[in-house]
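Comments concern the structure below.
No experiment lies behind these values; they were computed from the predicted model shown. Heavy-atom basis, side chains included; hydrogens, waters and symmetry copies ignored.
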Amino acid sequence: MNISEIETFLMIVKTRNISKTAENLFLSQPTVSHRLKSLEDELDVKLITRKKGYKQIELTAQGEEFIPIAERWVSIWREMQLLKHRQDRLYLTVGCTDTMNAVLMDLYHKILTEKNPAMNLHMETHYSYELYGLLENHEIDIGFVYHHLHFRNIIAEPVLREKMYIVQPENARIRKPSIHTDELDPSDEVFVSWDGNFRIWHDQRIGQGRLPKVWVDSFGLLDHMLEEDGVWAIVPASVVDRISQLKPIYISRIANEVQPPERTIYKIKHRYPNEATLKAVQIFEEKMERYLLDRNWGSFEKKQESD
């Protein structure tokens, strides 16, 4: 039994299709079938069944039982690889959405400049649903997402809830501490779909069939577009704070009676984490907790009033 056979089995579990597994792993179908048969021969059990005339495969009872074993086997193998290269440094792979990586940049810099303990960071940017899959496959060690999805081997817990604000360039057209969205021209909006709940609120109250000026899906694009005259955007507190560090902007509270839902950020971890990265994950979590407390984004309104 080797890592290639185990990874091939887990990909079959994911795709339920031999040809799709071969495509995802850049292998031939005979190679996939050979690896599966070799694994079944060594285990002396049948892991999958193929019904005639159906492309999709089905797992046997033993195949279903073998999934968590295979996942733990891959986790142990990855720990062994880390052990080979480990000296006195800690290694950690963090996965975040684009805007979350942007607002955590100061934390990353702080960690990378510390010598005790020294830590190597691998930072990845993906959509929330992609991060769940990467974590389940142990391709990242910890993640931060906007959606709570249900995965059997993943634990999710909220770490931040933050309000939304209206942001305009420094030379804002409407200069008021509180603005109702009815006062804003929908055709001047820089729109970001922060999450499903925000999108529902937005579609019910803004636009009425009129399209925004531009849709963006990254921090860099949002930051750049807020340099255009007359534009506005609805942005969560952490992102407002980050943009305000980079350039002058005009920030207003939202005066609507029905407020946009607060954006929730979830921390996600694997139920069976890599032992080799446990210390790094623990240190990162502690630093992340202090970082969020210091930034006080959950009480951003009070922070703005005191500045």
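Using a 4.5 Å heavy-atom cutoff, the side chains of R242 and M105 are in contact. No side-chain heavy atom of E7 sits less than 4.5 Å from a side-chain heavy atom of L25. By the 4.5 Å heavy-atom criterion applied to side chains, Q168 and I249 are not counted as neighbours. I179 places a side-chain heavy atom less than 4.5 Å from the side chain of L184. When side chains are defined from C-beta on, V159 counts as touching L292, because their heavy atoms get closer than 4.5 Å. By the 4.5 Å heavy-atom criterion applied to side chains, V190 and E228 are not counted as neighbours. Looking at heavy atoms from C-beta onward, F66 lies in side-chain contact with L39 at the 4.5 angstrom threshold. A heavy-atom distance below 4.5 Å is not found between the side chains of F198 and V192.
Here H147 pairs with nothing under the side-chain hydrogen bond (donor to acceptor under 3.5 Å, both in side chains) rule; sequence neighbours left out. Partners of S38 according to the side-chain contact (heavy atoms from CB on, under 4.5 Å) rule, which considers only residues two or more places apart in sequence or in another chain, are E5. With sequence neighbours left out, the salt bridge (Lys or Arg N to Asp or Glu O under 4.0 Å) criterion links E130 to no other residue. With sequence neighbours excluded, the residues satisfying salt bridge (Lys or Arg N to Asp or Glu O under 4.0 Å) with R199 are D203. Shown here are the side-chain contact (heavy atoms from CB on, under 4.5 Å) partners of D44, two or more places apart in sequence or in another chain: there are none. Take N197 and apply the side-chain contact (heavy atoms from CB on, under 4.5 Å) test, not counting sequence neighbours, and it matches D195, P261. The salt bridge (Lys or Arg N to Asp or Glu O under 4.0 Å) search around D41 returns K37, not counting sequence neighbours.
For the atom pair E262 CD and L160 CG, the distance stands at 9.0 Å (nearest 0.5 Å). How far CE of M11 is from CG of L27: 10.0 Å, rounded to the nearest 0.5 Å. Note: I206 CD1 to Q204 CD = 11.0 Å, rounded to the nearest 0.5 Å. Here the straight-line distance linking atom CH2 of W73 with atom CG of L10 works out to 11.0 Å at 0.5 Å rounding. Distance check: E71 CD to H138 NE2 gives 7.0 Å after rounding to the nearest 0.5 Å. Atom-to-atom distance recorded for E65:CD and L59:CG is 11.0 Å, nearest 0.5 angstrom.
When all heavy atoms of R152 and R271 are compared, the closest pair comes out as O-NE, 3.2 Å. When all heavy atoms are compared, the tightest approach of A280 to L90 is CB-CB, 4.0 Å. Across all their heavy atoms, S238 and V103 have their closest contact at O-CG1, 3.4 Å. Closest approach of R173 to G230, counting heavy atoms only: NE-CA, 3.3 Å. Nearest approach of S75 to P273, heavy atoms of both residues: OG-O, 3.9 Å.
Between the S187 side chain and the P212 main chain, no donor and acceptor come within less than 3.5 Å of each other. No donor-acceptor pair closer than 3.5 Å links the side chain of W201 to the backbone N or O of G196. Using modelled atom types, one side-chain atom of N256 and one backbone atom of T181 make a donor-acceptor pair closer than 3.5 Å. At least one donor-acceptor pair under 3.5 Å links the side chain of H270 to the backbone N or O of E136. The main-chain N or O of V45 is never found under 3.5 Å from a side-chain atom of Q62 such that the two would form a donor-acceptor pair.
The salt bridge (charged side-chain N to carboxylate O under 4.0 Å, His left out) pairs that include a residue from residues 113-125 are K110-E114, E114-K287, where partners are two or more places apart or lie in different chains. Pairs engaging residues 213-263 under the ring pair (Phe, Tyr, Trp, His ring centres under 6.0 Å) rule: F191-W215 [sequence neighbours left out]. Listed by first then second residue, pairs satisfying ring pair (Phe, Tyr, Trp, His ring centres under 6.0 Å) with a partner in residues 115-134 read Y132-F151, not counting sequence neighbours. Applying the salt bridge (charged side-chain N to carboxylate O under 4.0 Å, His left out) test to residues at least two apart or on different chains, the pairs with a partner in residues 207-225 are D185-R210, D223-K247.
Linking ILVMFWY residues whenever their side-chain heavy atoms come closer than 4.5 Å, directly or via other members, places M164 and V258 in the same cluster. Criterion: ILVMFWY side-chain heavy atoms under 4.5 Å apart, direct or through other members. Under it, V235 and I166 are part of a common hydrophobic cluster. Residues L104 and L112 are members of one and the same hydrophobic cluster, defined by side-chain heavy-atom contacts under 4.5 angstrom among Ile, Leu, Val, Met, Phe, Trp and Tyr. Cluster annotation: Y291 and V281 are assigned to the same hydrophobic cluster (Ile/Leu/Val/Met/Phe/Trp/Tyr, side-chain heavy-atom contacts under 4.5 Å, transitive).
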Handout entry: Worked check of side-chain hydrogen bond (donor to acceptor under 3.5 Å, both in side chains) between D141 and Y91
Key = CA-CA 10 Å; D141 301 306; Y91 295 85; over 6 Å; no
Problem - Trace of the side-chain hydrogen bond (donor to acceptor under 3.5 Å, both in side chains) decision for T125 with D98 - result: CA-CA 5 Å; T125 299; D98 177 84; 5.1 Å; no
Exercise for the section: Might you work through the side-chain contact (heavy atoms from CB on, under 4.5 Å) test for I142 and E285, ending with a clear yes or no? Expected result: CA-CA 9 Å; I142 190 170; E285 287 183 284; 3.8 Å; yes
Problem - Worked verdict on N137 versus K14 for side-chain contact (heavy atoms from CB on, under 4.5 Å) - result: CA-CA 11 Å; N137 293 331; K14 183 177 180 180; 4.2 Å; yes
Problem - Verdict with supporting geometry, T21 and T15, side-chain hydrogen bond (donor to acceptor under 3.5 Å, both in side chains) - result: CA-CA 6 Å; T21 295; T15 65; 2.7 Å; yes
Problem - side-chain contact (heavy atoms from CB on, under 4.5 Å) evaluation trace for K269 with I154 - result: CA-CA 6 Å; K269 296 194 298 181; I154 293 178; over 6 Å; no
Exercise for the section: Would you please test V74 and I3 for side-chain contact (heavy atoms from CB on, under 4.5 Å) and show each step? Expected result: CA-CA 7 Å; V74 170; I3 186 63; 4.0 Å; yes
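Using modelled atom types, one finds a donor on one side chain and an acceptor on the other under 3.5 Å when comparing N17 with S19. S252 and Y165 are not linked by any side-chain donor-acceptor pair at a separation below 3.5 angstrom, with hydrogens and angles left out of the test.
Alongside I155, the hydrophobic cluster contains no other residue (criterion: ILVMFWY side chains under 4.5 Å).
Within a 6.0 Å sphere centred on CD of E289, other residues, nucleotides and ligands contribute 12 heavy atoms or fewer. Dense packing is recorded around NE2 of H148, with more than 12 heavy atoms of other residues, nucleotides or ligands lying under 6.0 Å away.
Ring centroid separation for the pair Y266 and F144 does not come in under the 6.0 Å cut-off.
Here K176 pairs with E183 in a salt bridge; the nearest charged N to carboxylate O distance falls below 4.0 Å.
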